[in-house]
Engineer: 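Sharing a structure with you now.
All chains are named by letter (A, B, ...) in the order of the sequence lines, taking the proteins before the strands, and each is independently numbered beginning at 1.
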Number of protein chains: 2
Amino acid sequence: MSTTVAKALSLLNFFSEVEPELGLSELARRSGLDKATVHRMLVTMCDQGLLEQRGNARLYRLGAGVLRLARIRETAFPMTSVYQNSIDVLSSTIGETAHASLISGRILATIGISESNRGSRVSLVAGEILPMHSTASGLAFLAYAKPDFVERVLSEPLKGKTARTLTDPNVIRARLQEIRLTGYAEADQTNEDDVYGIAVPVFDADGAPGGAIAVATPAHRMTNDLRTKTIAALFREVEAVSSQMGGHPPSEFLQAVTRFTQSRA
Amino acid sequence: MSTTVAKALSLLNFFSEVEPELGLSELARRSGLDKATVHRMLVTMCDQGLLEQRGNARLYRLGAGVLRLARIRETAFPMTSVYQNSIDVLSSTIGETAHASLISGRILATIGISESNRGSRVSLVAGEILPMHSTASGLAFLAYAKPDFVERVLSEPLKGKTARTLTDPNVIRARLQEIRLTGYAEADQTNEDDVYGIAVPVFDADGAPGGAIAVATPAHRMTNDLRTKTIAALFREVEAVSSQMGGHPPSEFLQAVTRFTQSRA
DNA sequence: CTCTGTGGTTCATTATTATCACCATCGGTT
DNA sequence: AACCGATGGTGATAATAATGAACCACAGAG
């Protein structure tokens, strides 16, 4: 994080669906960097198209450059379309909100959402960053991530999002071991009150986790039946996604899936 | 361009639909930067999610971070969807390939393509950067851009893409004046042989040009009839796009449109 | 009219960055 | 095998670019 490029790019993480425009002082405050420093970075990022200034207004927003880059990536390596397909299936069959996330550097980024059409449902914001330790998706990813990646995450301070969030690294390590045995991760109100999440990792061609797909349910609505139904659906879709993108889940994961399906029969 | 952040971000411009993955040495060569420098930049950009390394392979490609950023921008300020709609209409009514581009920093980036379904048609690559001086879109944009922007573009060396490319700044300035009078720009094989482009600028809420929409036709197929038909369609769509996005074309442009429609009646 | 916030600028100091040389590895040739 | 020319990647030092405090100008609130 000591490089200037990293500092500049980290400014991009402050933009979100709910705050798509930010001012100079605001960004300086949040990043902890000097106003002059931030200003220079913003100007160069505008110059490169990653950001742009709202006409007369002084606020900054994400620029057209990100649209172009995303388009290049998506035409060369279609992933959002594949994931979107699967989470659409999930939300319609389960009747709850589903979402997909991909590892982006060291953070997990939501890249697809499919909300259920029920009146009461979990609502998510596009492009949100999922905490690794408190979300089902994060835990599912961590369980299969490289050990040094896991340790880097666990060495950082783990924010308690709710009263039930796991913040003890040792407890989390034990949890990851459980997840490796079952193949899926659960987050019962550990990231947000009243939200029960179940997630499954998605793997790339090298057997490394590339992200996760998940279903988020209002906690009070979760039953044992819905739980097994959701897990089965997630396993089905992770299989579909893997085959479409040439992913190769590790044998450890495939065995867990087999155990689950056999125990149901 | 002297700042390190700009140098790092400029590396992103070497990725394209046809070359979605690039190696360290290749990027160093094209950028003219030192290998070690480029390597450090690539590592930090990977760390920030803008890039990622293809598993075991050494090549770098655009990361999931750009997908996330694009999603945030698109949900907050939907533009690609609006543009896509218009160019779909264009390509189907005219029967030729249409595309849309947005200003991204100092470059014009293709963010939407709608190819015609004819056997012989102009084919475009997604995410391509359009030269300002040799494409119809570029000229249409320049004609309404701020003078200092125009001069900055014209002060750089202008590459002759074909035998017919305009490279003399003074000739181009005169051309921009003509475009302001007519409201549309034409590029008869000035960017690519056998390609005849017609473009119209799109304006944002402040009356500044934000991009362009264009129709590209195989040059041999262009007739006076097709020409006027295309221009009329472009004017219709730029009006549609403007109203949907709250754009405000300057009076100079609106007058040119009026002159065109009256001359047809 | 002050007070406090904003976006933006300047410039001496300092810390980051660029550069060179280097190493390990791979694949094809001789 | 030995060689060659690529490749990706690494470290130390010289050179450069980043930093941060103080500074404007402006706008809205009291």
Engineer: I want to know whether F141(B) and F149(B) have ring centres closer than 6.0 Å.
Structural biologist: yes
Engineer: Side chain of L24(B) only, heavy atoms from C-beta on: which candidate in dG8(D), dG7(C), dT10(C) is closest?
Structural biologist: dG8(D)
Engineer: How many Å lie between CG on L33(A) and P on dG8(C), as a whole number?
Structural biologist: 16 Å
Engineer: Less than 4.0 angstrom between a side-chain N/O of K7(A) and OP1 or OP2 of dT19(D), yes or no?
Structural biologist: yes
Engineer: OP1, OP2 of dG8(D) versus side-chain N and O of H39(B): anything below 4.0 Å?
Structural biologist: no
Engineer: Distance check, rounded to the nearest 0.5 Å: R73(B) atom CZ versus M79(B) atom CE?
Structural biologist: 5.5 Å
Engineer: Quick one: is dA18(C) close enough that its OP1 or OP2 comes under 4.0 Å of any side-chain N or O from R40(B)?
Structural biologist: yes
Engineer: Does T37(A) make a side-chain N or O approach to OP1 or OP2 of dA18(D) shorter than 4.0 Å?
Structural biologist: no
Engineer: Round to a whole Å and report the spacing from CG of L22(B) to P of dG9(D).
Structural biologist: 14 Å
Engineer: Could you state the CG-P distance from L51(B) to dG8(D), rounded to the nearest angstrom?
Structural biologist: 14 Å
Engineer: Measure from CG on L42(A) to P on dA18(D) and round the result to the nearest Å.
Structural biologist: 14 Å
Engineer: So which of L108(B), I179(B), V150(B) actually passes side chain to side chain contact (heavy atoms under 4.5 Å, CB included) with L142(B)?
Structural biologist: V150(B)
Engineer: Within less than 4.0 Å of OP1 or OP2 of dG9(D), is there a side-chain N or O belonging to Y60(B)?
Structural biologist: yes
Engineer: Distance check needed: dT6(C) P versus E26(A) CD, whole Å only.
Structural biologist: 8 Å
Engineer: Between R152(B) and E156(B), does any side-chain N to carboxylate O distance fall below 4.0 Å?
Structural biologist: no
Engineer: Whole-Å distance between dA17(D) P and M41(B) CE?
Structural biologist: 11 Å
Engineer: Has T4(B) got a side-chain N or O lying under 4.0 Å from the OP1 or OP2 atom of dA18(D)?
Structural biologist: yes
Engineer: dA17(D) phosphate, OP1 or OP2: any side-chain N/O from T3(B) under 4.0 angstrom?
Structural biologist: no
Engineer: Report yes if at least one side-chain N or O of R29(B) is closer than 4.0 Å to OP1 or OP2 of dT7(D); otherwise report no.
Structural biologist: yes
Engineer: Report the distance from atom CG of L11(B) to atom P of dA18(C), rounded to the nearest whole Å.
Structural biologist: 10 Å
Engineer: When you match D34(A) and A36(B) each to their closest nucleotide on DNA chain C, which lands nearer the 5' end?
Structural biologist: D34(A)
Engineer: Could E74(B) and R71(B) be called an ion pair, given the rule that one side-chain N must be under 4.0 Å from one carboxylate O?
Structural biologist: no
Engineer: Per the atom types in the model, does the base of dG20(D) pair as donor or acceptor with the side chain of K35(A) at under 3.5 Å?
Structural biologist: no
